[in-house]
Amino acid sequence: MKTYKISANSPFTVPVVFITVLSAAWLILNLLPIPVEGQFEPKWINPVLAAVLLIPFGFLSFKMHRRSLTLHENDMVYIPLLGAPRTMSYSDLQKISIGGKSYCLYTSDDKVLLRFDDAFTSNASDIVAFLKSKGVKAEL
């Protein structure tokens with residue numbers, strides 16, 4: 001019994017992680033007793049602003065990393081960016097669009113479920129073959 005896990009690609013992943021790392025560094029610099037140039041006045045506002053940035057962007061970084069689709073023999077489990085995991089059947093998929101080395105899964109109501117590509121998914125061609133064997137139409 002084969003099980004495949006696909007992590008979703010998002011164009012916002014890199015900027016969200018970048019802002020998370022910068023805000024964490026800013027918070028650490030403000031909590032350590034190191035004099036830093038260019039801080040806002042009053043001094044207490046700097047760690048507050050860093051924490052205000054760190055909390056939502058850290059949460060989004062975690063959720064973007066968590067977003068995935070796990071394919072099992074009889075069903076699949078989709079973990080969205082926000083919300084609870086959903087168990088779906090293969091009949092809920094309308095098609096898989098193949099464009100070069102990137103792939104896009106569409107639901108039966110013609111919405112994008114997940115995007116993935118060969119660069120970040122080690123066995124993408126096996127996943128496409130598995131989806132075709134489950135009756136999902138492929139479109140170039």
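We number each residue from 1, following the sequence as shown.
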Student: Where is the tightest heavy-atom contact between S91 and S108, given as atom of each residue plus distance?
Tutor: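 Shortest heavy-atom contact: O-CB, 4.5 Å.
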Student: Can you measure from OG1 (T13) to CZ (R67) and round to the nearest 0.5 angstrom?
Tutor: 8.5 Å
Student: Of all heavy-atom pairs between F116 and S7, which one has the smallest distance, and what is that distance?
Tutor: CB-O, 4.2 Å
Student: On a heavy-atom basis, which atom in S23 and which in T20 lie closest, and how many Å separate them?
Tutor: OG-O, 3.0 Å
Student: Should V112 and L140 be counted in the same cluster of Ile, Leu, Val, Met, Phe, Trp and Tyr side chains packed under 4.5 Å apart?
Tutor: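 Not linked; separate clusters.
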Student: If every non-hydrogen atom of I96 is compared with every non-hydrogen atom of V136, which pair is closest and at what distance?
Tutor: N-CG1, 3.9 Å
Student: Would a 4.5 Å heavy-atom cut-off, applied to side chains only, mark H72 and V77 as touching?
Tutor: yes
Student: If you define the side chain from C-beta out and look only at heavy atoms, does anything of M76 sit under 4.5 Å from Y90?
Tutor: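 M76 vs Y90: side chains touch.
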Student: Using every non-hydrogen atom in the two residues, find where A51 and P56 come nearest and quote the distance to one decimal.
Tutor: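 So the two residues come closest at O-CD, 4.4 Å.
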Student: Sequence neighbours left out, what pairs pass side chain to side chain donor-acceptor pair (under 3.5 Å) with at least one residue falling in residues 129-140?
Tutor: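 As it turns out, the side chain to side chain donor-acceptor pair (under 3.5 Å) pairs with a partner in residues 129-140, which skip direct neighbours, are E73-K134, K95-E139.
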Student: Could you measure the distance from the CD1 atom of I55 to the CG atom of L27? Nearest 0.5 Å is fine.
Tutor: 9.0 Å
Student: Judged by atom type as modelled, is there a donor-acceptor pair below 3.5 Å linking the side chain of T121 to the main-chain atoms of D118?
Tutor: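 Such a contact is absent between T121 side chain and D118 backbone.
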Student: Can a donor-acceptor pair be found, under 3.5 Å and without considering hydrogens, that links the side chain of N30 to the backbone of W26?
Tutor: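 Checked: pair present.
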Student: Quick one: closest heavy-atom pair of G83 and K63, and the distance?
Tutor: O-NZ, 4.3 Å
Student: Would you mind reporting whether Y106 and S97 have side-chain heavy atoms less than 4.5 Å apart?
Tutor: yes
Student: Hey, does S89 have a side-chain heavy atom less than 4.5 Å from the side chain of D75?
Tutor: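 Counting from C-beta outward, D75 and S89 never come under 4.5 Å.
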Student: Tell me whether I19 is reachable from F12 by hopping between hydrophobic residues (I, L, V, M, F, W, Y) whose side-chain heavy atoms are closer than 4.5 Å.
Tutor: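 Yes; tracing contacts between hydrophobic side chains, which count when under 4.5 Å, links both residues.
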Student: With Y78, which of L105, L69, D92, T70 fulfils side-chain contact (heavy atoms from CB on, under 4.5 Å)?
Tutor: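 With Y78 as partner, side-chain contact (heavy atoms from CB on, under 4.5 Å) holds for just one option, L69.
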Student: Closer than 3.5 angstrom, by distance alone: can the side chain of D126 be matched with the main-chain N or O of N123 as a donor-acceptor pair?
Tutor: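 No.
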Student: If hydrophobic clusters are built by linking Ile, Leu, Val, Met, Phe, Trp and Tyr wherever their side-chain heavy atoms come under 4.5 Å apart, do L82 and V16 end up in the same one?
Tutor: yes
Student: Is it true that L53 and F59 fall in one hydrophobic cluster, defined by side-chain heavy atoms closer than 4.5 Å?
Tutor: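 L53 clusters together with F59.
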Student: Among the clusters formed by ILVMFWY side chains lying less than 4.5 Å apart, do M88 and L114 turn up in the same one?
Tutor: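 The answer is yes; both residues are in one hydrophobic cluster.
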Student: For D109, is the CG atom crowded, meaning more than 12 foreign heavy atoms sit under 6.0 Å from it?
Tutor: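 Correct, the count exceeds 12.
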